[in-house]
Amino acid sequence: MNTKLTSLLSIRYPVIQGAMAWVSDARLAAAVSEAGGAGTIATGGREAAWVRDQIRQAKRLTDKPFGVNVMLMAPNRDEVVDTICEEKVAYVTLGAGNPVPYFAKFSEAGIRKIPVVPNSRLAQRVEAGGADAIIIEGMEAGGHIGVLTTMALMTQVIPLIHIPVIAAGGFADGRGLAAAFVMGAAGVQIGTRFLAAEECGVHPSFKQRLFAATDTDTVVTGFSVGHGVRGVRNSFTDKYLALERQGASAEELDRLATGTSRMAAVEGDVENGMVQAGQSLMPLQEMEPVRTILERMMAEAEEALTKAPDLLK
Ligand code: TUI
């Protein structure tokens, strides 16, 4: 399949693997890139030395293009940005803040800049600032999210923007990909679906929790303090949401949430940790290699697009 995204990144399939804090490392990213997509290393919560090491590991595992995500709320973001520029990767995705101040450094290093935006205002701002492509992320996504849905974003942002637009949030199969392409997207970003991959190092208890989950099992914590995070409902989210309803301060809520992403993803405490995941959980049924997941998705997308002209008969 050829889109503006496959050309921009020199990849076979127009699929970026979404960065997932404490989960997506060199192994997952390299597996996705080897299979023809674009793998992304997540750096949120990590030290710059870890980021450097993972970039070097990924380069040993694949000669295909891969990227790194910068979580712009991270206190060490400047150090992480400098490390990425020194080590050189194909692209960066930039989320959870204003990415424009970092564009010049990445351009000098020859790294493509792909910000994640939750609305049309930011989309236009980053395009004017020189982004190479944008990811519009709907609130169906896991982790830190905005308030608009993927459909509302595709409807309103794609016609405004001239650079390639990648849709994210809720995509987990090939019919979804086909729908995004028909909407005018150049690609999709998929995170949650890859949590089921064999090459994904998330704790086995986390995977099991996702295999058991259905469409209604996620909740969003922190909307009242302007900091929505989607994950699977559990003891932690019940406690957090109860405190939020009682009008707890942002500081108190942040204290409660600190360390909970790592607790779930690394330690496997899926009751007291935050099991960050998007809404499309039912396609996750069993562990499979990344290549199987990606190739099935592309075959389904091709089938859906091949059948689409029948609608006009
Ligand atoms: O960044 C994400 N998703 C994330 S980051 C993350 S790490 C974390 N873990 C636990 C708690 C909190 C964070 C988990 N998931 N998605 C991209 C994204 N970017 N979503 C929303 C935004 C965004 C928000 C505001 C982008 C820009 C923005 O700009 C603010 C402004 O006006 O400058």
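Just follow the structure's listing: the first ligand is 1, and inside any ligand the first atom is 1. Since the structure is predicted, the reported quantities are computational estimates derived from the model, not experimental observations.
When M139, Q189, E137, M71 are checked for heavy-atom proximity to atom 18 (C) of ligand 1, E137 turns out nearest. For the residues I136, T260, V116, the heavy atom positioned nearest atom 26 (C) of ligand 1 is part of V116. Among M274, R262, M73, R125, the residue whose heavy atom sits closest to atom 32 (O) of ligand 1 is R125.
An N or O contact shorter than 3.5 Å is missing between H227 and ligand 1 by distance. Note: an N/O pair closer than 3.5 Å links A96 and ligand 1 by distance alone.
If you look at L72 next to ligand 1, there are no close heavy atoms at all, none under 4.0 Å. Of all the heavy atoms of H144, the ones lying under 4.0 Å from any atom of ligand 1 are found in both the backbone and the side chain. Contacts between M20 and ligand 1, counted as non-hydrogen atom pairs separated by less than 4.0 Å, are absent for every part of the residue.
Within a 6.0 Å sphere centred on CD of E47, heavy atoms belonging to other residues, nucleotides or ligands number 12 at most.
Under the 3.5 Å distance criterion, with hydrogens and angles disregarded, no donor-acceptor pair is assigned to the side chains of E244 and T221. For the residue pair Y240 / T260, no side-chain donor-acceptor distance below 3.5 Å is found, with atom types taken as modelled. Between the side chains of E140 and T150, at least one donor-acceptor pair of N or O atoms lies under 3.5 Å.
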I'd like a table of donor-acceptor pairs (distance under 3.5 Å, sequence neighbours excluded) in which one partner is a side-chain atom from residues 184-192, with atom names and distances.
unit_1, atom_1, unit_2, atom_2, d
T192, OG1, G278, N, 2.9

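By the ring pair (Phe, Tyr, Trp, His ring centres under 6.0 Å) test, F106 pairs with no residue at all, sequence neighbours left out.
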